[in-house]
Amino acid sequence: MGSRGLLGVLAGVLLLMGCHRPASMSIAESGKTRLVYWTAPNPDELALARELVAEWMAANPDVEVVVQPIPAGQSSEEVLLAAVAAGTTPDLCSNIWPGIVEDFVEAGALVPLDQFPDFDSLLDARIPETVRASFRSRDGHFYQLPWKTNPVMMFYNVQLLREAGLEQPPRTYGEYLEAARRIVADTDGDGLLDRWMGYRDIRPIWWQRYFDYYAFYIAASGGRTLFDRQGNLAIDTMASNRVFAFFARLYAMGAFPKAVWTSGGSRFIQEQLATDFTGPWHLIWLEKNAPPDLTYDVAPIPVPDDHEGPVYTYGDYKNIVIFSTTQHPEVAWRLARFLVSRKADRRLLERTRQIPVRRGLLDDPYFAPVFERYPILRHFAAQAAYTRSVDSVPDLKEILDALAQEFEAAAVYGVRSPAEATRRALRRIQMILDWNA
Amino acid sequence: MRRLGLYLLLGIGLVGFAYPFVWMGIATFTPEAEIPELTLLPSRWTLEHYRLVFERIPVWRGLLNSLVVALAVTASVLVFTSMAAYALAKLHWRGRETVFSLILFTLMIPFLLLLIPLYTLVVRLGWTDSLLGLIVPFMMNATGVLILRQSFLTIPRDLIDAARMDGCGELRILFTIVWPLSVPALVTVGLLTFIGSWNEVLWPIIVVREVQWMTLPQLVALFAVGGGAEGQLGPQLAAAFLLALPIVLAYLFFQRYFIQSFATSGLKG
Amino acid sequence: MPERVTKNRRWRVRLREAQQGYVLVAPYLLHLSVFFGYPLLFAFVLMFHRWDIVTPMEFVGLKNFWRLMRDDLFFRALLNTGIFLTIHIPLQIVVALFFAELLNRPLKGRGFFRAAYFMPVVVSGVVITILFQQLFAFDTGLINRMLQALGGEPVPWLVSPALAMPSIAIMATWKNVGLYIVLFLAGLQHIPRHLYEAAELDGANAWQRWWHVTLPMLNPTMVTVVVLSTIGGFSLFIEPYILTGGGPLNATLSAVLYIYNQAFYFNHMGYAAALGFCFAIVIFLVVLLQRRFVETDTWS
Amino acid sequence: MRETARKTGVRLEHVWKIYDNGYVAVEDVTFEVAEGEFMVLLGPSGCGKTTLLRLVAGLETASRGTIRIGDQVVNDVPPRDRDIAMVFQNYALYPHMTVYENMAFGLKLRRVPKTEIDRRVRAAARVLELEHLLDRRPHQLSGGQRQRVAVGRAIVREPRVFLFDEPLSNLDARLRVEMRAELARLHRELGRTVLYVTHDQVEAMTLGQRIVVLNKGRVQQIGTPLEVYHQPANRFVAGFIGNPPMNFIEGRLEHRDGLRFVGKGGQVQLMLNAADWPKVRPGQAVTLGVRPEAVALATVEEAAVMRGQVETVEVLGAVAHLYVRIGEATVVAQVDASVRPALAQEVALRIDLDRIHLFDAETGQALPRARS
């Protein structure tokens, strides 16, 4: 019995080894060139990608493209990193967050795109000269093709604001705080607040800060990011302090609840929140879930009272890259070019309400019908020109995490002064940079 | 009167330990809005939460993965660690004490310290996103050796000598003579290993990122953390309940045996 | 039969007992060296490198340790783990002893109660955590609803930075205490009856009997419980990972969680290895201290 | 089936067993067991007799020397290939097997055909009167029954050599006598070579055709039961065998009007027949040994050799043992129970000179006695 048991175990192990998936092959049996294209896993985007790729394949019969959602893990970044480590990256991916690109570049995982002769003109059609630098990697090459951006803006409940005597959405901190004073209330009189000015997930999760601290910092600083063009840490301390102070006021006065809502769904559609800071993808969700009598609109995020000039915000860029594991960079580039064509851009706008990175989007008559149909999208398209991404530096995630920690301490719990919070964040970020030098 | 007080205290303990489970079980069939209520009787029963869980996460696949992993690990631990434990308890060879000390030493090292290198090893072996990565590193376990060795020590030497005289090789002695006489210890080690493997979350989260190869606890943890439940409590609880069910059933089945042997042979080594 | 014997002898590999011993431990040792020895060595190497798995390893000397010295969060995590242990261990022992004492009396249904108390031990930490996420919820949680029904104030279990870690310690105690009840019960049942009879003849009252007979006789079990729950407590991870993510204000950031974050969230493998090494030393020192203070001869 | 051609003798030549820690368990042991002989290894606990048996069984490996079974050197042969069977002190029955399975196990492993196994098991069960117990488990049996199963397990194997390791020590006195007789009968019937370890001299005397007396890992004497009883080779053998044990009196030999033994302290004086002891030196320090049955009460007229006070009297029915205090020593005499003296009474003892032994005080070796 003993030896048989052992054999059984061995057989089982062998069986499992058989289950292990082999690396994806590049040449299909049919002799066609085969590309693997990873896209965001949400159903709308996946369907759109399938559709576009089908069209492209009809025009390029010699190529077979396999569209796969990025295998779901905790986050796309982790999955992609694991794939890079294991050498199982696809040929092409369209859902790359710029903050991760520098890590991939260092790992030699990406194909430089500026080697393709038409790259420059393509880039020019998408972004103004001024923001070019933020997509350039530290070695001087471009590895990402800007695809879409989702500016963080303020959704607001028109009805609630009107009831509070506000015909216009609050534009400055002062106006916002004043509105909060009027709106926050205990409507059912049970002694607990049940209507707030807004809500943010208070857990110190770094990407949650895109929608409060980071977007507000970009706005308050007039469009600066954390690093300057030379890649040196250059936080606008005053802007940072002001953002911390603003949120500290909001939490201290109860305008934002100090809670983590894990159940009960969105309070914005239940008219318990006057404002909500998020991106245009939220539109589809609202269309599906909001009651018909909910009236909402979109405005730029509030800025300090003495602010001048346009209001910048965080634009959640998602870009296209070609991985160096590909055996057909030229073919992949052809597909990438198609994915940022006008036609593809319009479909993206129409189907997912996300904003393609393209200059003159609002002036181009080709896109006009979409804006006719979804007028609210205009706000986002207009804002898209005034967006900033994240910096192309290593360990960006941990740097944002350091800010998230201070946001929690200074703004949510108010245990630290805004200046102290900025100082501590700077110190930790400096430690990370020193360590990484 | 004192007796009554005693039962009262025990009853309070019972409510404290068992009620949350009962509540959870019922909550999984309760409409979302009613879940936070204290009452155990919902206004109507619903399978909606389970429907959502089954729709969002591949429960069956996760169950299968968990089962394969836990069974393979348990079988291997029983076979290989009992071999080592037998050699340590019943055979004389130079270096035996050294090896035993070495095994004791491995218990002192926190798994965490090894986590990262072990992960890189698994990466290098190409076992990420496969069940191999979940099974092979845990095919042996030092606690198992200790418990089994302790149990094997109580088997008289003459019995083993008699088997040798009867013509048994050492492996056959182990499996035909020693095993039948060490059932409580084997059950203890088996259940400990099985439960440990079944409930392990940290390692699968690190090694497996493809849904296809995820174990049930991992799927449930990610479902709960990663917002697959869309902030709804019912589906989270339903997923958790599905995860707990097999182990609770196994536990109820072996319970008497398990607790007893756990207390006596268990951690005395 | 003799022929058979000679025939067998030819192909059967004859091993002496010593060789048999080596053959039987060989699989274990092989596994040990690959999945324990190698990682241990590699961890040592890793501590002096920067590595994100993706790019090649880069030797950085003592830089990881230099950063560690300046890393407030690591010390915060150590402190948190210490807070957890100082609440968890005594609570665990008191509760476990209490129920073990109750169950050690002549009563019907002892097995039933014991089995019920043991139940949370076998259930996955994930389940327990999801359950307690609900129980601890501030406005809708079962516990606060009960408190309010009894006329009390709701307690900000997980929301308050001061209470979050104690709440997790309560949860961990709830999960593990069944195991320690069983251990203590076994310990109590091993105390010879005649010791109590002798103490009673010497005029000791119930409390004195408990203090002078039960407690000293339980010492070996106590050591086991302390050591086990210390080691278990140091590996606190899944509870804060799901329940609080380390917050609020890093109040529940355990050492393991922080190391996990550094390694698998920020991909700082080398730094995490250095953290892990320092943490291992802390654990080692604590266990060593415990052994000094809690007299032991059972673990040798 | 009877294979008379099979050589079944056992021979040990200069066998040593030294453990890793340096402990010498067996020291230069040489002896031979003839085919069909019942040989007993006798000695106090810790004398190495069990180690010796395990060496023969193959459960331990000899550090030096050769062990032969028949013509074959078996030093490197594992137990299962030695064609021997062993009965263990605590029976070592497999608790999870029935009596039948216990007996059949060894045969099954040797792939003996089922019908043959059945035949042999039933035959053995018949001989040992175990037939009605075949389906029981060991824990359902009495000590004696277990003992018989253990013997049965050895018998069915039809081995070249039977090894017994104190097989009767766990039985109560009455059963032990019964089993002794039964073992003797079995040996007569089966005629196999037997190596039997015991610390009980009665077992050794009654069962053994020859006895190997061991002490501290060394062979002290090899001989028939009567030889070791009557002609002990040294002081150890003399003292170990016999109950109550032999009396020893320390002293020296003197040549004063003939050969004379003078006990320490002078209370014992004994004239010896010089012709009986050819190899003694005058002045030699010796120990005089005499068994209680060779010591008797003396009437005063006779040549009483010693006087002393009665300390204890043990009446065993027909005979009584007198413990007589003489100076610092106590001498035991076996007397007829009907003539026993009172406690504290002063008595005179005489010694049967034909039944004394002399041992060199230094080496403990017996001094040779001329045979008349």
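Residue numbers start from 1 in every chain, and the chains themselves are labelled A, B, ... in the order their sequence lines are given, proteins ahead of strands. Because only heavy atoms are used, hydrogens play no part in the values below, and waters and symmetry mates are left out as well, while side chains stay in.
Contacts of C:F84 classified as ring-ring contact (aromatic ring centres under 6.0 Å, His included), with partners at least two apart in sequence or in another chain: C:H88. In this view, C:I87 and C:I83, C:P166, C:A169 satisfy the side chain to side chain contact (heavy atoms under 4.5 Å, CB included) rule, not counting sequence neighbours.
C:F59 CZ: more than 12 foreign heavy atoms inside a 6.0 Å radius.
Between the side chains of C:N250 and C:Y258, no donor-acceptor pair is found at a separation under 3.5 Å.
Against chain C, the residues from residues 97-111 of chain A that qualify, each with a non-hydrogen atom under 4.5 angstrom away, are A:D103, A:E106, A:A107 in number order.
A:Y251 does not carry A:K258 over the face of its six-membered ring by the limits of under 6.0 Å from the centre and within 45° of the normal. A cation-pi arrangement, defined by a distance under 6.0 Å to the six-membered ring centre and an angle within 45 degrees of its axis, is absent between A:R267 and A:W196.
Chain A forms more heavy-atom pairs under 4.5 Å with one residue of C:T244, C:D72, C:N267, C:N64 than with any other, namely C:N64. For the options C:D71, C:L73, C:L249, C:V60, heavy-atom pairs under 4.5 Å to chain A are most numerous at C:L249.
With rounding to the nearest 0.5 Å, the separation of CZ in A:F227 from CD1 in A:I429 is 6.5 Å.
Contact of C:E58 with chain A is not made at all, since no heavy-atom distance falls under 4.5 Å. Neither the backbone nor the side chain of A:V412 has a heavy atom closer than 4.5 Å to any heavy atom of chain C. Contact annotation for C:R50: only side-chain heavy atoms (C-beta onward) come within less than 4.5 Å of a heavy atom of chain A. Of the two parts of C:L158, neither the backbone nor the side chain holds a non-hydrogen atom closer than 4.5 Å to a non-hydrogen atom of chain A. Using a 4.5 Å cut-off between heavy atoms, A:D401 touches chain C through its side chain atoms alone. For chain A, no part of C:N261 is nearby; none of its heavy atoms comes within less than 4.5 Å.
The stretch residues 401-430 of chain A participates, sequence neighbours left out, in these ring pair (Phe, Tyr, Trp, His ring centres under 6.0 Å) pairs: A:F247-A:F407.
Within the 6.0 Å centre-distance limit, the rings of C:F234 and C:F279 are counted as a close aromatic pair.
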